[in-house]
Amino acid sequence: MMSLFRRWSFLLLLFIAVLSILAPFSLSVSPNQEVAPPFSTPLWLKRNLPPTMKITLSENILKKNIAWPYNPPTQIHLSGEITLSVPSALVLETPTQKFVLHHLTVGKNTFDIDGRDLSFKQRLNFSPFAQIPSELFSEKGEYIFRVEPDFSAPPEMRGTITFDIKGGRWGLLGTDQRGRDIFSLFIAGIRVSLIVGISATLLASLLGLFFGLISGYAGGWTDTIIMRGVDILLSIPILPILMVLAAYWGKGLWQLVLILSLFSWMGTARTVRAMTLSLRDSSYIEGLRGLGAPTFYILWRHLLPETLPLLLANIALGVPGAILAEAGISFLGLSDPRIISWGRMLHEAHSFGAFTRGAWWMLLPPGLGITLLCLIFLDLGKFLEEQIDPQLKGALKQ
Amino acid sequence: MTEMKSYWWRRIAGSLLVLFVVLILNFFLFRLMPGDPVATMLDPRFSPEAKAELSKLYGLDKPLSFQFLLYLKQMITFNFGYSFLTGRTVWEELATRLPNTITLLGSALLLSAFLGTWLGIQAALKRGKWIEKIVLWSGAVSFSFPSFFVQLLLLLIFAYAIPLFPLRGSVSVPPPIGFWAQLTDHIWHLILPVGSLVLLGFGGWALYVRNLMVKVLSEDFILMGEARGLPEKHIVWNHAFRTLLPPLLTIFLLSLPGIISGAVITETVFSLHGVGRFLLEAITGQDYPSAGASFYLLALLTIFCNLAADLLYGIVDPRVRFERRGR
Amino acid sequence: MIQIIDLSITYITPSKSVFAVNNASLSIPKGEIIGLVGESGSGKSSLLMAIPRLLPSNTEVSGAILLDDLDILSLKKDTLNTIRWKEIALIPQGAMNSFTPVLTIGKHIEEVLTFHMELPPHAIKQRCERVMKEAGLDASYLNRYPHELSGGQKQRAAIATALACNPTFLLADEPTTALDVITQREIVETLATLTKEKDMGLLFVTHDLPLAAQICDKIAVMHEGEIVEKGSPEEIVKNPHHEHTKQLVKALLHLEGEEI
Amino acid sequence: MKRFFILFSVAFLLSLSFPQEGYSFDMSLFRGPKIEDLYLVIIRDPDAQLLALEKDEIQMLTDIARPADIERLSQNASIQMSLAKGFHGFFFGMNLRMFPWNRQELRQAAWEAIPREKIVRDLFSGYAEPLSTFLPPASPYYEKDVIHYSSDPEKAKKRLKDAGWTWNNKGILTDPEEHRELPPMKMLSPTAQVSPTTAEIAERIATSLRAIGIPLEVEPMDFSAMIARLDERKFDTYVLAWQMTRDPDSLFAFYHSSMDVQGGYNISGISHPQLDDVVSRLRWAPDEEAAREAASESQKLLSELVPVIPIYSRYFITAATSSWKGYVTTSYTTADNIWSLFQLEPAQGSMKPLRWVLLDEPRSLNPLDTSSAYDWNVLAFIYDSLLAIDPETLTDLPWVAESWSVDTVKKDKHNVTQLTFHMKKGMLWQDGRPLTSSDAAYTIEYLKNHQLPRYYDSVRDVENIETPDAQTLIVTMNSTSYWHLHNIGGLPLFPRHVLEQVKDWRSWKPSQTWLDKEKKLTQLMGSGPFIFREYRPGEYVHLTKNPLFWLLNNR
């Protein structure tokens with residue numbers, strides 16, 4: 001067993017499991033919380049994007065200078081609740097141009113304008129497809145944001161105007177289409193993929209073991225019935241069953257595990273049955289039966305330990321299948337949107353256009369995460385297989 | 001030879017039983033699913049009476065038992081009635097799609113099986129060399145990469161960034177004239193989809209064949225082959241591979257039905273007109289006749305493959321044939 | 001004549017290396033049956049397997065094995081292949097599944113004939129039937145599969161295959177161990193008579209001294225990788241020198257009760 | 001969702017509008033179509049569509065939904081984008097038949113709690129319009145001054161407090177009269193796989209309503225399962241999108257109490273006598289003024305009763321490569337309309353086939369049976385109708401009918417609407433045979449007698465049809481309604497000599513049966529600008545210019 005602990009896959013699995021257990025406490029930001037504008041890029045991506053800024057004008061400060069050495073921001077938002085003594089305009093002066101953002105009337109004004117509103121684009125007579133932030137902040141240099149009276153008299157103003165300039169940069173892996181932090185989603189995703197992968201395969205293997213042993217040992221009618229049952233289950237495609245069961249049982253995590261295990265035990269059952277058949281006729285089992293040992297005793301004390309190593313290898317190799325099945329199911333939209341799993345993240349990134357947006361930092365982490373988890377279990381499976389059958393030791397052993 | 005025949009009759013009877021149970025399950029499967037297909041034709045211009053008239057057309061208002069008998073007749077006579085979604089007969093829908101899916105999945109399966117087998121054998125022969133490393137790693141990778149992730153990446157790189165292959169469909173528009181021009185154009189279109197499926201599939205084969213081959217090569221009769229002064233290539237192919245053939249063929253046949261699910265994703269990403277996509281749409285769209293027909297065909301394919309695998313195993317491996325006769 | 005001069009064989013495993021044979025020397029003249037006797041693990045099978053260079057790859061072999069004037073150990077692969085089965089044929093242990101399960105016995109014999117002798121197809125067919133008859137099997141067994149034959153029949157088929165290219169030397173590695181006593185006797189007798197008739201040299205490896213004593217012209221005794229004694233059967237049984245041979249002979253006497 | 005989003009600009013051609021004096025859109029400028037070959041290339045995957053457009057493998061990509069694609073294409077110099085307001089409306093519906101949604105102030109508060117502007121900004125990055133009315137702004141009957149509920153959770157809470165609602169310690173609302181706590185409720189929504197955006201919006205609406213004390217959870221389910229639950233009225237709330245037409249009479253179908261039946265569209269179950277009266281007046285309005293007045297009144301009443309909460313109306317966005325010139329765009333239709341097709345020609349070089357996208361497989365190419373948008377993308381180029389729609393003002397344009405009149409006549413004691421159409425002389429079908437009033441009459445009779453579901457509601461009220469001469473068609477209805485003109489004027493006209501050969505309209509396969517083998521003409525033949533040539537499943541639909549099209553040599 002010792003050599004197991006030195007294996008890279010085991011250590012990595014341990015690390016990931018610990019990470020997913022610590023996740024809820026250690027993460028500063030909860031996965032479901034909206035933290036930044038959607039599709040913001042990660043901080044380390046050197047696209048020279050500006051930091052998020054908030055510029056406010058109030059009673060005595062009617063003018064603010066902004067030094068702007070950056071590329072254009074991704075989002076701007078203008079909001080305020082003010083009362084004015086004189087009609088004036090909210091103006092943004094760029095090094096070369098001057099834009100009137102909003103006309104303010106005498107008395108009370110409340111407004112909430114976003115760079116993406118079509119009406120705002122039309123008011124500044126840009127094309128409906130223009131990106132306002134890059135039109136306004138197109139050059140680097142000195143910008144002035146101020147309330148400019150229509151006529152000469154300086155206005156008195158009560159209340160505040162806030163000008164949010166969002167840099168569109170956030171955290172380690174940016175944000176998804178709902179502005180949630182992808183990194184915390186990624187960490188939270190481990191839990192589901194692990195739980196689904198391991199528990200589905202465990203359940204399937206137990207079912208397979210149970211049916212395999214019984215049909216192998218009992219033989220005769222029970223054997224044919226179970227084997228025909230296996231044939232029937234194998235010839236029904238999983239897809240519609242999942243939809244019917246998902247529609248009936250609802251879409252929780254454990255329903256998914258149950259459905260997955262219900263449809264992957266047949267393989268194990270067949271291998272266990274084959275093994276039991278060959279062991280059943282071996283001399284020492286024959287001898288035990290001769291001594292009058294009850295069937296249960298024979299199964300439990302003798303046949304089970306024989307099949308165990310094979311089972312372990314089977315489990316380890318089954319987990320990747322379950323993880324990929326979960327990713328496939330969420331790709332078809334059958335999984336519960338509230339459960340954060342890598343499969344779900346990959347699907348949402350794909351359907352909200354991450355590929356066309358070139359947002360590889362949204363696609364690679366879950367995709368590679370799934371692959372890594374599968375590789376780990378494959379390696380463990382191979383290790384266990386080699387324990388059972390040393391010849392298989394390939395050149396991989398370092 | 002009588003025991004042989006009785007064995008086969010029992011096997012065929014078993015399969016027919018399985019088919020019948022599958023038919024019943026399929027029938028109730030869709031009636032169980034909540035929802036009513038006509039309801040999905042949501043259109044303000046459809047008055048309630050119009051909708052009622054439609055469901056009468058599709059025979060949905062008849063009692064369940066009548067629908068079941070109708071269903072059985074349709075399945076056995078292979079005319080599957082009208083698809084709710086398209087109004088055309090289901091057979092027509094399948095007929096236009098089956099060739100695409102068969103060429104896609106058929107060639108992908110054959111290529112990955114051959115490539116995988118050849119690589120598996122080389123890996124077993126040259127233990128410890130780089131080729132074994134490749135096979136072990138490619139086997140692992142092909143088990144763990146989510147398929148649409150890989151396929152979209154391939155599409156982006158080899159069809160968009162480097163315009164080597166076409167972006168979509170199985171024929172360019174407007175289509176070239178002349179049989180050979182169309183054939184090469186069709187093959188040119190299928191290189192990327194089939195290539196991606198092979199990339200995802202050959203690893204599994206290579207790993208499986210390598211493990212089998214390692215076992216066979218350690219057998220005594222291989223040593224005896226060398227003792228008989230036979231050339232190495234002859235031993236590998238006529239003795240080692242020949243013993244490997246039966247399990248390989250069975251796995252090949254048993255994996256046939258399983259690859260249908262791969263079609264759904266590949267056909268979406270590469271915009272191919274196939275059964276996979278049609279299947280998914282029929283399910284989500286409550287299109288009973290089309291979905292029922294597709295599953296009936298899939299069940300038939302699975303049962304046929306199981307039977308064929310049994311038959312072939314007997315032919316290819318004399319031991320099994322002898323064993324059956326004895327029992 | 002096959003001459004083995006100071007042959008030593010070591011098995012190298014990742015943990016340690018094992019000395020199976022320690023500079024043994026033995027010669028097998030044409031027309032004689034040489035017995036090699038020793039308990040299991042004494043290195044006798046390794047010695048036998050070393051002659052046609054069939055030892056596994058993790059072995060180191062030193063010394064020389066001469067076939068008349070050719071040193072087999074230094075031969076190139078393809079010349080070795082011309083010698084194998086043409087000059088030196090191997091009869092495996094009964095327990096080994098020495099035939100490819102998916103090919104008929106006939107196919108095995110035809111294969112060897114096509115590779116080693118240029119014979120027209122009908123001559124090959126004739127020759128197959130002849131060697132089967134010589135080995136005491138009916139020709140109809142040619143199109144039977146290995147698993148359809150009993151242990152004894154499989155051994156006779158092995159002999160037939162060995163005779164196919166009428167080799168000059170036969171190496172029999174405990175050919176009768178897994179068989180019952182009666183079939184054992186028949187197989188041994190067939191082997192002995194065929195060797196004499198065809199004036200072949202036979203190396204007969206066994207742990208069964210009495211059996212060797214009956215058919216062998218000379219016997220060598222191996223113990224823990226070394227040949228401790230050589231001589232005619234009578235010398236070995238009458239005055240065994242080495243301690244180990246004495247015990248073997250004592251076991252023999254006890255069995256039969258009186259002096260030979 | 002794609003299934004029932006009828007592609008606005010093409011279906012537009014068939015639905016009608018109220019006539020206005022004079023035609024601002026000058027039809028006489030158009031000669032064409034200029035192109036010889038039109039390929040509608042079938043691509044379903046959004047990524048594949050985008051890449052094909054950027055590589056100029058297709059020249060037109062319609063109905064772009066994802067903001068990521070819109071932003072990327074708009075920065076591409078060689079691509080021209082066009083945007084048009086549509087008749088799409090996305091609604092949050094409630095079950096008014098039971099507590100708590102039978103309380104009007106709760107519905108009004110819910111309207112204020114839902115952050116419509118934020119949803120439009122985040123999910124559509126501005127390419128949709130927060131809806132605060134029951135008819136989309138593009139509709140000619142759009143009424144501006146209705147009660148406006150600005151998105152402000154505090155205002156919603158204040159409205160509830162003023163009405164006497166209280167919150168328990170867990171923050172759940174309890175109603176003033178019976179002091180009952182709001183039960184945990186579900187919101188039915190399609191799954192994320194079918195429509196990711198709708199699932200996102202459902203989540204956001206649920207969170208915003210939970211914030212003001214309404215315990216609501218999203219229950220994503222398979223689309224048809226959801227529709228079944230709505231039909232059986234077994235739901236608390238739901239989200240659903242509708243594709244309406246330029247005629248406001250759909251308000252009758254949505255909000256009249258008689259429509260609260262199995263399969264009917266009054267899903268929320270509003271039944272209010274005053275509302276019933278005003279929407280019936282709209283449905284049976286004898287003329288344009290009555291229709292306009294009833295439409296405004298019903299919109300005002302609806303904004304007070306709030307049977308459903310309008311959320312947003314999606315814009316239709318199309319992208320076209322600049323390798324062709326002659327695109328026609330207006331505020332109501334994007335570049336992929338029939339008028340563009342008349343003028344389009346390659347920007348430089350000789351004529352070559354034009355390739356437009358088809359977002360999904362044409363279902364059956366059987367005009368009598370299908371109601372799928374993808375079929376009508378193709379069929380709209382093949383068939384003509386009596387009236388066309390002015391893309392600038394949505395008014396009626398003369399097409400097959402040169403002129404027409406709408407009169408109210410007495411028919412055994414009660415008033416009925418009578419429509420008279422004067423058809424152009426010398427009109428020809430694509431196989432060269434003359435198009436006369438008997439074709440139009442036979443078409444209407446055929447649709448009525450066979451009760452084809454798609455046309456049933458348009459032809460149900462036809463009383464009798466007369467054809468005094470080859471160019472005049474008089475259709476008398478059995479009731480007075482202003483919308484009869486649009487229902488009849490928008491019907492596609494089928495050649496009589498083809499309809500007579502159709503045995504069973506359901507299994508009719510016009511695209512696969514020859515009408516005239518030498519001329520390579522199938523039974524899928526009309527009088528429109530393009531002739532159907534070939535449909536290669538999964539790949540493309542190929543059409544060629546109709547040399548006999550009357551607009552070619554527009555006199």
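Note on naming: letters A, B, ... go to the chains in the order of the sequence lines (proteins, then strands), and numbering restarts at 1 for each one. From a predicted model like this one, the values you see are computed outputs, not experimental measurements.
Within the 4.5 angstrom heavy-atom criterion, no atom of C:Thr82 approaches chain B. Looking at C:Pro52, neither its backbone nor its side chain comes within 4.5 Å of chain B, counting heavy atoms on both sides. With a 4.5 Å cut-off on non-hydrogen atoms, C:Leu54 touches chain B through its backbone and its side chain both.
Of the residues considered (B:Ala227, B:Ala240, B:Pro246, B:Pro231), B:Ala227 shows the highest number of contacts with chain C, using heavy-atom pairs under 4.5 Å.
The pair C:Lys44-C:Glu174 counts as a salt bridge, with a side-chain nitrogen and a carboxylate oxygen less than 4.0 angstrom apart. Taking 4.0 Å as the cut-off between side-chain N and carboxylate O, B:Glu132 and B:Arg127 count as a salt-bridged pair.
Not a single donor-acceptor pair under 3.5 Å links the side chain of B:Arg228 to the backbone N or O of B:Leu223.
Taking the six-membered ring for Trp, B:His234 and C:Phe115 have ring centres closer than 6.0 Å.
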